[in-house]
Peer 1: 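Dumping the structure here so I can ask a few things about it.
In listed order, ligands and their atoms are each counted from 1.
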Amino acid sequence: MTEGPESQVSESQIAVHWREEEYYYPPDKFIAQANAADPSIYDRFGEEHFPDCFKEYADLLSWDAPWHTTLDTSNPPFWKWFVGGRLNASYNCVDRHAAASPDKTAIIFVPELESDARVEISYAELLRQVNEFAAVLRDTVGLKTGDRVTLHMPMVPELPVTMLACARLGVIRSQVFGGFSGTACGHRIADSGSHVLITMDGYYRGGNLSDHKVKADEAVAAARAEGQEVEKVLVWRRHAGQYASQTPMVEGRDVFVDELLAGHQGATVEPVSMPAEAPLFLMYTSGTTGRPKGCQHSTGGYMSYVAGTSKYYQDIHPDDVYWCMADIGWITGHSYIVYGPLALGTTTVIYEGVPNYPDGGRPWRIAEELGVNIFHTSPTAIRMLRKVGPEEPRKYNYHFKHMTTVGEPIEPEVWRWYHSEVGKGEAAIVDTWWQTENGGFLGSTLPALQPMKPGSCGPGVLGIYPVIYDEDGHDVPAGSGKAGNICIRNPWPGIFQTIWGQPERFVDTYYRKYNTDPDSTDWHDWPYFAGDGAVQAADGYFRILGRVDDVINVAGHRLGTKEIESAALTVSEVAEAAAVPVIDDIRGRAVEIYVSLKPGFEPGQEMEPKVTKAIETEIGKIARPKNVWIVPDMPKTRSGKIMRRVIASISNFADVGDVTTLANPEIVDSIRHHVQSMKVANDDVPRDLTEAEFEEIKRFGAE
Ligand code: WTA
């Protein structure tokens with residue numbers, strides 16, 4: 001793999017054949033109450049009304065000052081939305097609802113242990129908590145508008161409180177997924193230039209109270225190694241007054257938040273009126289090179305886009321009880337647990353733990369007890385729940401009007417189980433395709449107006465004009481049966497503003513590939529390259545095939561192969577490492593890693609756990625490889641590049657193709673023999689690949 005523009009991706013011009021799935025229609029009961037049930041919405045968002053159509057989204061918010069320019073394209077592709085407008089995200093998510101309906105429940109927190117009582121936080125109470133914590137951040141910690149702060153917090157209500165307190169002050173925060181390791185968090189602290197880390201002592205997962213604070217010390221050390229000093233670590237306590245961690249607090253650096261809050265009871269902090277263009281947060285995601293990308297999201301554009309899509313695509317009404325089972329450490333949780341639902345003044349559920357704890361009926365018990373009527377999750381969670389309890393949903397008396405699947409392609413049979421068993425045939429389903437970079441949905445059906453089709457996300461959402469291009473920039477027409485690179489022709493308010501500190505990489509990765517004129521200030525010349533392969537059926541619906549770059553989507557979480565390989569290379573004996581995806585029935589894809597050792601080292605039994613440990617330490621358990629294969633050498637081209645597609649084929653029992661041009665073709669058979677015989681012995685042979693999966697594996701990491 002070469003360094004350089006990430007948009008130099010592999011050929012994805014493949015023909016994909018599959019059975020066309022049948023349409024499913026939303027129930028009349030759903031249509032009768034839907035926010036978007038009148039087809040005139042298509043006209044309002046028609047391309048001739050672009051970009052002003054997005055006023056309809058922005059009008060869902062309260063603005064301190066109106067914007068004068070809806071879309072400023074003067075410095076492409078750094079688009080500016082709602083220029084001149086001012087607003088505060090925390091005011092929009094909290095204050096205005098606390099004023100209108102103070103007792104309404106904003107957040108229901110469900111602890112993982114069923115014996116622990118749930119916590120209901122009203123909008124008035126949320127306002128109090130956000131104000132008090134904002135006072136701590138401003139007056140005790142000294143944070144100011146524009147400062148960056150890193151959050152490494154689990155799924156607890158203190159997380160949205162922290163996010164909203166930062167937003168109140170105009171402090172830019174970066175929430176790192178709680179399951180990431182301390183080291184991974186440290187890299188992100190350094191990249192964002194944060195002097196403050198906000199964390200929690202521990203949280204429940206799988207029935208155990210984990211020690212999370214230990215990761216803060218690792219994170220501070222990792223950031224320091226990159227030259228970034230963390231001056232303060234604020235530690236929320238899972239149970240105020242008790243410390244869940246074995247790790248000592250560091251004098252002068254670490255402080256308990258509950259102790260700080262005691263000095264700010266009843267404090268109020270005026271929300272800072274922010275320009276629409278001010279960054280609201282950074283969300284790190286993986287790309288082709290090792291360095292994570294801090295996607296910078298705006299205040300006005302982002303908030304408008306999540307509010308609008310929450311209203312029309314999630315069909316959120318203020319009286320709904322809405323539960324998104326994603327983690328707030330990922331973009332889905334940001335947009336569709338916190339900002340979207342709260343901007344619309346609804347009740348959002350936050351569940352601390354894993355979906356199958358203590359058993360596969362847990363989500364359905366929660367739904368029944370809380371009266372959840374909108375449910376949002378990922379294919380991985382659906383596959384897992386289907387496996388552990390195919391009949392479980394029937395035992396519970398809940399009724400979803402609406403359900404979402406997001407994060408990875410969903411197999412039509414899994415979709416059908418979701419529809420008939422989880423949804424009891426009563427729910428409209430949206431399969432929403434989008435990315436960390438996008439702020440909100442890009443592809444989905446409008447739930448009351450467009451029929452569902454299992455395995456397809458649907459057409460572009462309102463105001464979004466997707467197109468499939470081949471490698472040369474020609475349109476791949478709908479209904480051609482050909483796949484290509486899905487792009488979005490136009491800017492939209494939720495699009496990220498840049499990669500924090502890496503503006504050239506932003507342009508190279510997302511816009512260079514299909515831009516025909518770098519000097520053009522006409523947005524038509526700057527299609528957004530999403531990095532996904534897709535195919536469009538004759539009806540205009542897109543089926544997303546997966547990444548065309550070296551990103552492995554494990555359970556809906558994007559992992560960069562370079563990141564995983566760099567982690568393996570921290571083991572001193574390892575000479576070379578190559579990470580590849582294997583098809584996994586629950587998680588979609590899993591990671592396998594191949595390593596060769598430096599001369600003089602013998603592959604002993606301790607090597608595999610060492611490599612696994614290194615990956616867990618550097619990235620987190622989420623990236624833990626399914627298998628570590630120690631090989632004498634990697635299959636390489638004559639110019640010395642590792643042929644990832646060859647080893648990916650071996651791992652997936654797919655045809656390796658022509659290897660005669662390799663520098664060392666003989667190694668292929670010896671690796672295949674070793675790996676595949678071990679997999680047969682361990683009952684770890686993947687099922688037969690579909691044609692699309694086969695194509696994905698065949699082109700993985702290809703030049
Ligand atoms: C994949 C998650 C198929 C896709 C919101 C994308 C999907 C990547 C879908 C972004 C879907 C997301 N169907 N594939 N409905 N949704 N993806 O940044 O490959 O964590 O590029 O954002 O997930 O993952 P990210």
Peer 1: List in chain and number order the residues that pass side chain to side chain donor-acceptor pair (under 3.5 Å) with Arg589, two or more places apart in sequence or in another chain; answer none if no residue qualifies.
Peer 2: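 Counting only residues at least two positions away or on another chain, Arg589 forms a side chain to side chain donor-acceptor pair (under 3.5 Å) with Glu696.
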Peer 1: Do Leu446 and Tyr42 come within less than 4.5 Å of each other through their side chains, counting heavy atoms only?
Peer 2: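 Yes; the side chains approach each other to less than 4.5 Å.
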Peer 1: Distance-only, no hydrogens or angles: does the Thr377 side chain make a donor-acceptor pair with backbone N or O of Met325 under 3.5 Å?
Peer 2: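 It does not hold such a pair.
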Peer 1: If you measure from each heavy atom of Ala530 to ligand 1, is any distance below 4.0 Å?
Peer 2: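 Per 4.0 Å heavy-atom rule, Ala530 does not contact ligand 1.
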Peer 1: Could you see which bit of Ile410 sits under 4.0 Å from ligand 1, with heavy atoms only: side chain, backbone, both or neither?
Peer 2: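 No part of Ile410 comes within reach of ligand 1.
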Peer 1: Please examine the side chains of Pro341 and Gln314, heavy atoms only from C-beta on, and report whether any two atoms are closer than 4.5 Å.
Peer 2: no
Peer 1: Any N or O of Thr332 that comes nearer than 3.5 Å to an N or O of ligand 1?
Peer 2: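 Looking only at distances, the answer is no, because the N/O contact criterion of under 3.5 Å is not met.
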Peer 1: Would you tell me which option among Pro409, Cys457, Cys295 has the nearest heavy-atom contact to atom 3 (C) of ligand 1?
Peer 2: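 Looking at heavy atoms only, Pro409 sits closest to atom 3 (C) of ligand 1.
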Peer 1: Would you confirm whether Gln497, through its side chain, and Glu277, through its main-chain N or O, come within 3.5 Å as a donor-acceptor pair?
Peer 2: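 Yes; judged by distance alone, with no hydrogens or angles, the pair exists.
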Peer 1: What do you reckon, does Gly407 put a non-hydrogen atom under 4.0 Å from ligand 1?
Peer 2: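 Judged by the 4.0 Å heavy-atom criterion, Gly407 does count as contacting ligand 1.
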Peer 1: At a 4.0 Å cut-off, with the gap strictly under it, does some heavy atom of Trp330 reach an atom of ligand 1?
Peer 2: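 Contact check Trp330 vs ligand 1: negative.
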Peer 1: With only distance considered, is Thr285 within less than 3.5 Å of ligand 1 through an N or O on each side?
Peer 2: no
Peer 1: Based purely on interatomic distance, does Glu437 place a nitrogen or oxygen under 3.5 Å from a nitrogen or oxygen of ligand 1?
Peer 2: no
Peer 1: For Asp539, what residues pass the salt bridge (charged side-chain N to carboxylate O under 4.0 Å, His left out) criterion, not counting sequence neighbours?
Peer 2: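 By the salt bridge (charged side-chain N to carboxylate O under 4.0 Å, His left out) rule, Asp539 matches Lys453.
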Peer 1: Taking only heavy atoms of Asp532, which atoms of ligand 1 are found under 4.0 Å from at least one of them?
Peer 2: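 It comes down to these atoms of ligand 1: 4 (C), 6 (C), 19 (O), 21 (O).
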